[in-house]
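Report on the structure given below.
Protein chains get the first letters and strands the later ones, always in sequence-line order, with residue 1 at the start of each. Bear in mind that the values here come from a model prediction, so they are computed numbers and not experimental data. Reckoned from all heavy atoms, side chains included, excluding hydrogens, waters and symmetry mates.
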Amino acid sequence: MEYNFKEIEAKWQRRWKEDKTYHVEIDPSRPKYYVLDMFPYPSGAGLHVGHPLGYIASDIYSRYKRSCGFNVLHPMGYDAFGLPAEQYAIQTGQHPAVTTERNIARYREQLDKIGFCFDWDREVRTCDPSYYKWTQWAFLKMFSHYYDRRVQKAEPIEKLVAAFEKSGTADVDAACTTEMTFTADDWRAMSEVQKEQTLQNYRIAFRADTMVNWCPKLGTVLANDEVKDGLSVRGGYPVVQKRMKQWLLRVTAYAQRMLDGLESLEWSDSLKEIQRNWIGRSVGAQMFFDIVGSDRKLEIFTTRPDTIYGVTFMVIAPEHEWLSELTTEENRAAVEEYVEQTKKRSERERMAETKRVSGVATGSYAINPFSGKRIPIYVSDYVLAGYGTGAIMAVPAHDSRDYAFARHFGLDIVPVVAGGDLSVSSYDAKEGKMINSEFLDGMDVKEAIKFMFEEVENRGIGRRIVNYRLRDAIFSRQRYWGEPFPIYYENDIARPLDEKDLPLELPPIENFGPTEQGEPPLARVKGWRYETSTMPGFAGSSAYYLRYMDPHNDKALVGREADEYWRNVDLYVGGIEHATGHLMYSRFWNMFLYDLGYVCEPEPFKKLVNQGMIQGRSNFVYRVVGTNTFVSAGLKKNYETQEIHVDVNIVRNDQLDLEAFRAWRPEFADAEFILEDGKYTCGWAIEKMSKSMFNVVNPDYIVDQYGADTLRMYEMFLGPLEQSKPWDTNGIDGVHKFLRKFWRLFFDREGNFALNDDKATDKELKTLHKTIKKVREDIENFSFNTSVAAFMICLNELGECHKRDILEPLTVLISPFAPHIAEELWSLAGHNTTVCDARYPEYDEKYLVESAFEYPVSVNGKVRFKKEYPLSATVADISADIVTTPEAQKWLEGAAPKKIIVVPGKIINLVK
RNA sequence: GCGGAUAUGGUGUAAUUGGUAGCCACGUCAGACUUAGGAUCUGAUGCCGAGAGGCGUGGGGGUUCGAGUCCCUUUAUCCGCACCA
């Protein structure tokens, strides 16, 4: 009987669907395990072979955990709101809902063919009103809460109002946009509009007039993580800084908790590091500088208060709010021109020209609070408005940017730390002895920094503070295809909808572009009295893992019982590209809901594995210039050739299918070939997988040719999961061959089912248990490539073995990787339960004794390290062995171990 | 510029975590069988060398009885942040 994967896979996929094999419910009698994939955005292009990589890994892990007795939640859904569908709608007039629906159907079809164990009853779609009701609900909660720094959690805004009424800001320490000070009387004297404006300064979801990333081409604002190198991540269009009134989320309130929380997570170090950098905590001093002829004090932030005596000028950002006030009449024209110039430059230009020094003197002077010296204040765009206070004290001797500025404008450079050569560059290192600094002289830099923190506070000119690079997340998008804000306006005061009126449904429209006044498309809807912006893509994906726990609950995002059972995601698999976006927002969102008591875990994703990206492997043919003749890669150096991308689907093992090539495109119909050994060999290169390179490999095609089980195992065999690697179909035969070989073990030469009950030999048992141990350990370590190799080694060692004792455990062992073939063989072996419910095999140490001990012994005149000892061997036994051979004795001379450590089942170590 | 990761045959990779480098595959070569195939099976295959043997984990140095693994240094590639004070 042949291995007919098409029939087998169709049969079991149908069976799993009919029987709801993978449906899960809360079951307090079993431990839970929650395995989650980052749900896909259903794009029009469908899945390519790289997309399922992470899904296959998580599917293997889910099936493995289930076999180990866990109640495994493994859901899937769609991140269905987003820009591409809307861009497509603007071009074609097709409603995004229609294209999204169509794309989802296509995704589902492709996913089903690979045999995943998703519980589809729990599917969620972010664009579904019954889903985004809860996105809107969370937003309302954020609107009606503020962050109390003293208790380090979100609290109802009514508490803040009560505090204001009682004593103004005196007893308030809350996260806010700008620090405010007012009394209870001030508060009571405010108009309703003023009160609301004040509260907006504290709400966690708030509206503010801030500098935002504006993308003119997309017609919308973007969050920081949606901009890279001054271009939009989606589409790659230029982004400019613009002051606009926008909705924001106060994620900065959670900066420290998000930083601390990383410690408890099993995430890769690199990913944690990316988040740490993104949060960008830095400890420094806030200091106030008097301004000559003004009551104002200029506030700055510095991490190097020790260099205070080296301050020779100050710089403020062009957007600094006091710029105009600090500018003298003589300098006004120059400053205004400079500010205008800066405004015109895009973010990208500004970044590209970081080496160019520019700036203008304001004409004002400040007083160094320590030396009492008068120092000029400049304006320059190398100081950013959004970080710290938008103003700096410049220490040209010890900061390279200040150095360049001072050199350019001929300002003083005063060294305060010994070391370096200031005629060449600044000395930025935080080491050395202080000089020219009065009371700091002779101190070490680190000592001086610490000392200055205290000194600044003692003198009452500032204090030690912590600054974060993290910014509040811009939450509105001037787009149609997203969640509407449950907000309406009264005299420009934002008013929340009542929770019972959710969801606020997205109204149908026909024209998806902005209005003539440049307003978002929702402004065009007659009778729409709500906010016209919609929420960004990350809104819907921030809490979807909670919804899977209880997807049909219409009373709560997630019910208490479901939340307390499923708690949080045990294993999350997805791409690292979400490090500063989704993975930050989700943590913030979850922590907020945790503060309010809606969820019982502060962190949403306990363990996270980043699968690598699959690149494309392109193939080339070489056309002899000016002809329609193509020369094989090995011979191309003899000709002048032109390299042409060829569809990888008509190339096999880098050899071109000549007939398919002629049929591929009309201009190649009469192509001639110069062959090597009767074959045409193509060239190849690693490139991004994309249509234009003709290197897109569709998983459907692989499933059709080799079957889902082969695809699954081959994707794992390709290399370590975390590593990015090119897709190369060339090696797939090996895996397919392995599965056929496995299949044949269950049949005799005549093709009859031939599992027998003969007793397994010790050698066979050794092979089996070795494999079980290896595979179990590999799955736990996400080392799926080596577990596939272990299966292959196992079959090579077993040879022709039809024994039930061996093959049944192997079938279960392989079932997470190749579930279809495992189900079929399991059923042929006479079981009428699904292989998913079979207990995952355990290994028995007694069959693995050979690896129990290793110790240096002498073999063939060289000191070797392999010898078997029985489990009962003592240190004395082993020590005796060492000194029995002359070579070992010699080795021991002058290097005799002081102590011998013996660990059962492990290597023995020598401690000298 | 700062931070992180990686570097092993013709290719993808493996290495009991400091103990015989190259497992398992792909590819290649040779052979068997044959209804000639994109099938199956067997063997060989790191490099140099006829051989004995020598050399081999990006380069250089070090620690060690012993280094792909640890340390220093250097080069290359990839990723993240980037005028962050």
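- Salt bridge absent: A:Glu797 and A:Lys766 never bring a charged side-chain N and a carboxylate O closer than 4.0 Å.
- Using a 90° window around 0 for the glycosidic torsion, B:U11 falls outside it and is classed as anti.
- At whole-Å resolution of the value, NE2 in A:His736 and P in B:A25 are 16 Å apart.
- Spacing between atom CE of A:Met613 and atom C1' of B:G80 amounts to 13 Å, rounded to whole angstrom units.
- One interatomic measurement links the two molecules: CD1 of A:Ile576 to C1' of B:G3, which rounds to 13 Å at whole-angstrom precision.
- A:Arg740 forms no cation-pi arrangement with A:Tyr3, by the criterion of a distance under 6.0 Å to the ring centre and an angle within 45° of the ring axis.
- Atom OH of A:Tyr403 is separated from atom P of B:A85 by 21 Å (rounded to the nearest Å).
- As rounded to whole Å, 17 Å separates atom C1' of B:C81 from atom CD of A:Glu577.
- When the P atom of B:U11 is taken as reference, atom CG of A:Asn730 falls 13 Å away, rounded to whole Å.
- Here A:Arg744 reaches the OP1 or OP2 of B:C41: one of its side-chain N or O atoms lies under 4.0 Å away.
- With C1' as the reference atom, B:C71 and B:G27 are 39 Å apart, rounded to whole Å.
- Nucleotides B:U75 and B:G59 place their C1' atoms 7 Å apart, quoted to the nearest Å.
- Using N1 to N3 plus N6-O4 or O6-N4 for Watson-Crick, or N1-O2 and O6-N3 for G-U wobble, each under 3.5 Å, B:C2 pairs with B:G80.
- Anti is the glycosidic conformation of B:G4, whose angle departs from 0 by more than 90°.
- Residue contacts shown for A:Asp728 are absent, as no nucleic acid heavy atom lies under 4.0 Å away.
- A donor-acceptor contact closer than 3.5 angstrom is absent between the side chains of A:Ser282 and A:Asn467.
- B:A52 makes up no base pair with any nucleotide shown, lacking Watson-Crick or G-U wobble contacts both under 3.5 Å.
- A:Asn796 comes within 4.0 angstrom of sugar-phosphate atoms only, judged by non-hydrogen atoms across all strands, and of no base.
- Minimum atom distance to the side chain of A:Arg740 is reached by B:U40, of the listed B:G27, B:A85, B:U40.
- Under the 6.0 Å distance and 45° angle rule, A:Arg587 does not count as a cation-pi partner of A:Trp278.
- A donor-acceptor pair shorter than 3.5 Å cannot be found between the side chains of A:Ser783 and A:Asn781.
- Aromatic rings of A:Tyr714 and A:Tyr706 (six-membered ring for Trp) have centroids beyond the 6.0 Å cut-off, not under it.
- Across all strands shown, B:A39 remains unpaired; no Watson-Crick or G-U wobble contact has both distances below 3.5 Å.
- A donor and an acceptor atom, one from each side chain of A:Thr710 and A:His736, are located under 3.5 Å apart.
- Here the separation of B:A25 from B:U45, taken at their P atoms, is 15 Å to the nearest Å.
- Rounded to whole Å, the separation between the P atoms of B:U16 and B:C78 comes to 29 Å.
- Phosphate contact (OP1/OP2 of B:C26, side-chain N/O of A:Lys737, threshold under 4.0 Å): present.
- The shortest distance between the side-chain N/O atoms of A:Arg469 and the OP1/OP2 oxygens of B:A82 is below 4.0 Å.
- Here A:Phe717 lies in heavy-atom contact (under 4.0 Å) with a base.
- Looking at heavy-atom distances under 4.0 Å, A:Arg471 makes contact with a base.
- Among the protein residues, A:Pro720 comes within range of the sugar-phosphate backbone only, with heavy atoms under 4.0 Å from sugar or phosphate atoms but none that close to a base.
- Pair assignment for B:A85: none, as no Watson-Crick or G-U wobble contacts are both less than 3.5 Å.
- For the C1' atom pair drawn from B:C24 and B:G31, the interatomic distance equals 23 Å after rounding to whole Å.
- Out of B:A85, B:A25, B:U40, the shortest distance to the side chain of A:Ile392 is found at B:A85.
- Annotation for A:Arg464: atom CZ does not count as buried by contact number, only 12 or fewer foreign heavy atoms lying within 6.0 Å.
- At the phosphate of B:G12, neither OP1 nor OP2 sits under 4.0 Å from any side-chain N or O atom of A:Asn785.
- Comparing A:Asp657 and A:Arg304 by the nucleotide of RNA chain B whose heavy atom lies nearest to each, the residue mapping closer to the 5' end is A:Asp657.
- Here B:U57 sits opposite no nucleotide as a Watson-Crick or G-U wobble pair (both hydrogen-bonding atom distances under 3.5 Å).
- Rounded to a whole angstrom, the distance from the P atom of B:A5 to that of B:C72 is 13 Å.
- Listed nucleotides B:C83, B:G27, B:A15 differ in distance to A:Asp733; the shortest reach to its side chain belongs to B:G27.
- In this structure, A:Tyr382 does not reach the B:A85 phosphate: none of its side-chain N or O atoms is under 4.0 Å from OP1 or OP2.
- Following rounding to the nearest Å, A:Phe301 (CZ) and B:A85 (P) show an atom-to-atom distance of 7 Å.
- Remark: B:G19 base-pairs with B:C65. Criterion, Watson-Crick or G-U wobble with two distances under 3.5 Å.
- B:A52 and B:A30 have their P atoms separated by 24 Å, with the value rounded to a whole Å.
- The residue among A:Ile793 and A:Leu718 whose nearest nucleotide of RNA chain B is located toward the 5' end is A:Leu718.
- Figure legend. B:A7 is base-paired to B:U75; pairs are counted as Watson-Crick or G-U wobble with both atom distances under 3.5 Å.
- Counting heavy atoms from C-beta on, the side chains of A:Gln286 and A:Thr302 never come closer than 4.5 Å.
- If you take CG of A:Leu298 and P of B:A85, they are 18 Å apart, rounded to a whole angstrom.
- Comparing the P positions of B:C79 and B:U74 gives an interatomic distance of 23 Å, to the nearest angstrom.
- As the counterpart of B:U28, B:A44 is assigned, both hydrogen-bonding distances of the Watson-Crick or G-U wobble pattern falling under 3.5 Å.
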